[in-house]
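Quick caveat, the model's predicted, so the values are computed rather than measured. In what follows, residues are counted from 1 in the order of the sequence shown.
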Amino acid sequence: MPETTPASPHAATRFPATAETLRSAEQRAAYDLIERRRGRVPAPYLPLLGSPRIADLLEQLSTELWTGTLPQRVLEAIFLMTAHRQQCHHQWETHAAKALSAGLSLEMIEAIAAGKIPEDGGSVEAASRFFLALTERHQVTDDVFEQVHSHFGENGMAELVAFCGLAGTVALLLNVQLPQASVDQP
């Protein structure tokens with residue numbers, strides 16, 4: 001992941017609902033609900049407080065996908081691949097250590113940081129090939145589909161597609177909320 005300069009201290013004012021004193025009753029209710037469920041309100045949900053219903057629905061979808069049938073190491077690999085491709089420094093920093101804890105090797109994380117597929121000969125590699133096909137070529141060949149389907153089945157396939165979308169949504173939300181002042185080329 002390229003080194004970045006932190007966002008300006010005024011970045012939070014892009015979304016007035018992030019300031020507790022500026023939240024409407026509906027925004028406070030959504031904030032409180034997410035905080036009760038998670039113990040805190042993660043950064044991606046703050047800009048969504050402008051639409052409290054969307055914040056609540058995205059949080060529910062996120063919880064369902066993170067606790068679904070896909071292995072944590074697959075989810076973390078997809079999150080890091082998304083962070084790399086979207087140049088979302090916050091998402092990368094938040095999930096690199098989680099990826100290690102979930103069982104990705106340092107070599108796999110370094111491969112992702114270099115824009116390569118993390119190779120494990122198994123589910124992470126298959127899901128990563130699926131992710132790249134879907135996000136870069138906008139279509140998935142039958143052989144890639146079948147390989148991933150053999151690892152996760154129909155339910156896992158549905159979750160993987162939805163999780164790719166969730167990871168992208170989170171990166172976009174963070175990049176709008178926490179803009180980087182500059183991105184240095186490696």
Side-chain angles (χ1 to χ4, degrees), residues 1-2 4 34 37-45 48 54-178 186:
M1 189 77 204
T4 57
I34 293 168
R37 288 182 191 142
R38 292 187 170 239
R40 63 184 183 85
V41 178
Y45 300 103
L48 285 179
I54 298 299
D56 178 44
L57 290 171
L58 186 68
E59 191 277 330
Q60 289 180 57
L61 176 63
S62 176
T63 298
E64 186 67 27
L65 291 172
W66 278 104
T67 60
T69 62
L70 296 172
Q72 286 300 120
R73 59 191 310 234
V74 167
L75 299 176
E76 292 296 348
I78 297 300
F79 237 54
L80 289 182
M81 291 179 77
T82 302
H84 174 75
R85 279 159 182 72
Q86 295 289 339
Q87 297 181 2
C88 185
H89 186 70
H90 182 81
Q91 188 173 14
W92 182 273
E93 291 297 318
T94 303
H95 283 270
K98 291 178 183 181
L100 280 171
S101 294
L104 291 183
S105 68
L106 186 56
E107 293 78 19
M108 293 172 84
I109 293 171
E110 289 170 347
I112 294 170
K116 298 176 183 173
I117 291 177
E119 297 179 3
D120 72 345
S123 62
V124 171
E125 186 174 338
S128 298
R129 290 187 190 286
F130 181 89
F131 170 82
L132 288 179
L134 186 61
T135 60
E136 291 184 358
R137 293 182 290 285
H138 313 292
Q139 57 183 320
V140 177
T141 62
D142 289 342
D143 61 320
V144 171
F145 182 90
E146 289 303 323
Q147 185 181 25
V148 173
H149 189 271
S150 72
H151 284 283
F152 307 122
E154 189 172 336
N155 186 49
M157 288 297 302
E159 287 184 22
L160 181 59
V161 173
F163 192 80
C164 289
L166 174 70
T169 298
V170 168
L172 294 174
L173 286 165
L174 289 168
N175 281 347
V176 170
Q177 181 188 2
L178 304 168

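Scored by the side-chain hydrogen bond (donor to acceptor under 3.5 Å, both in side chains) test, Thr141 finds Asp143 as partners (sequence neighbours excluded). Every residue meeting the salt bridge (Lys or Arg N to Asp or Glu O under 4.0 Å) condition with Arg38, not counting sequence neighbours, appears here in chain and number order: Glu59.
Separation of atoms CE (Met157) and CG (Leu70) is listed at 9.5 Å; rounding is to 0.5 Å. In this structure, CG on Leu61 lies 4.5 Å from CG on Leu65, to the nearest 0.5 angstrom. Of the inter-residue distances, the one linking Ser128 atom OG with Asp120 atom CG reads 7.5 Å to the nearest 0.5 angstrom. A distance of 9.5 Å separates OG1 of Thr67 from CG of Leu75, quoted to the nearest 0.5 Å. Atom OG in Ser101 sits 8.5 Å away from atom CD in Glu76 (nearest 0.5 Å). Taken from CG in Asn175 to CD in Gln86, the straight-line distance is 6.5 Å, to the nearest 0.5 Å.
For the pair Ser105 and Ile109, the minimum side-chain heavy-atom distance is 4.5 Å or more. In this structure, Val74 and His151 have side chains that are not in contact, with every pair of non-hydrogen atoms separated by 4.5 Å or more. Using a 4.5 Å cut-off on side-chain heavy atoms (C-beta onward), Glu119 and Glu107 make no contact. Ile78 is listed as a side-chain neighbour of Leu160, based on a closest heavy-atom distance under 4.5 Å. In this structure, Arg129 and Gln147 have side chains that are in contact, with non-hydrogen atoms separated by less than 4.5 Å. Considering only heavy atoms from C-beta on, Ile117 stays 4.5 Å or farther from Val124 through its side chain. Put simply, the side chain of Phe130 reaches to within 4.5 Å of the side chain of Val140, judged on heavy atoms. Looking at Asp56 and Arg37, their side chains come closer than 4.5 Å, going by heavy atoms from C-beta outward.
Side-chain contact of Gln91 with Thr82: a donor-acceptor pair under 3.5 Å is absent, judged by distance alone.
Arg85 has a carboxylate O that lies under 4.0 Å from a charged side-chain N of Glu136, or vice versa, which qualifies the two as a salt bridge.
Between Ala55 and Ile34, the closest heavy-atom pair is O-CD1, 3.9 Å. Residues Arg73 and Ala102 come closest through the heavy atom pair CB-O, 3.3 Å. Contact detail for Trp92 and Ala83: the closest heavy-atom pair is N-CB, 3.6 Å. Minimum interatomic distance between Ala113 and His84 (heavy atoms only, all atoms of both residues): O-CE1, 3.0 Å. Considering every non-hydrogen atom in both Leu174 and Ala43, the closest pair reads CD2-CB, 3.7 Å.
At distances below 3.5 Å, at least one donor-acceptor pair connects side-chain atoms of Glu159 with backbone N or O atoms of Thr69.
Among pairs with a residue in residues 54-78, those fulfilling ring-ring contact (aromatic ring centres under 6.0 Å, His included) read Trp66-Phe79, Trp66-His95, Trp66-Phe163, at least two apart in sequence or across chains.
Counted within 6.0 Å of CD on Gln60, heavy atoms from surrounding residues, nucleotides or ligands total more than 12; the atom is thus considered enclosed.
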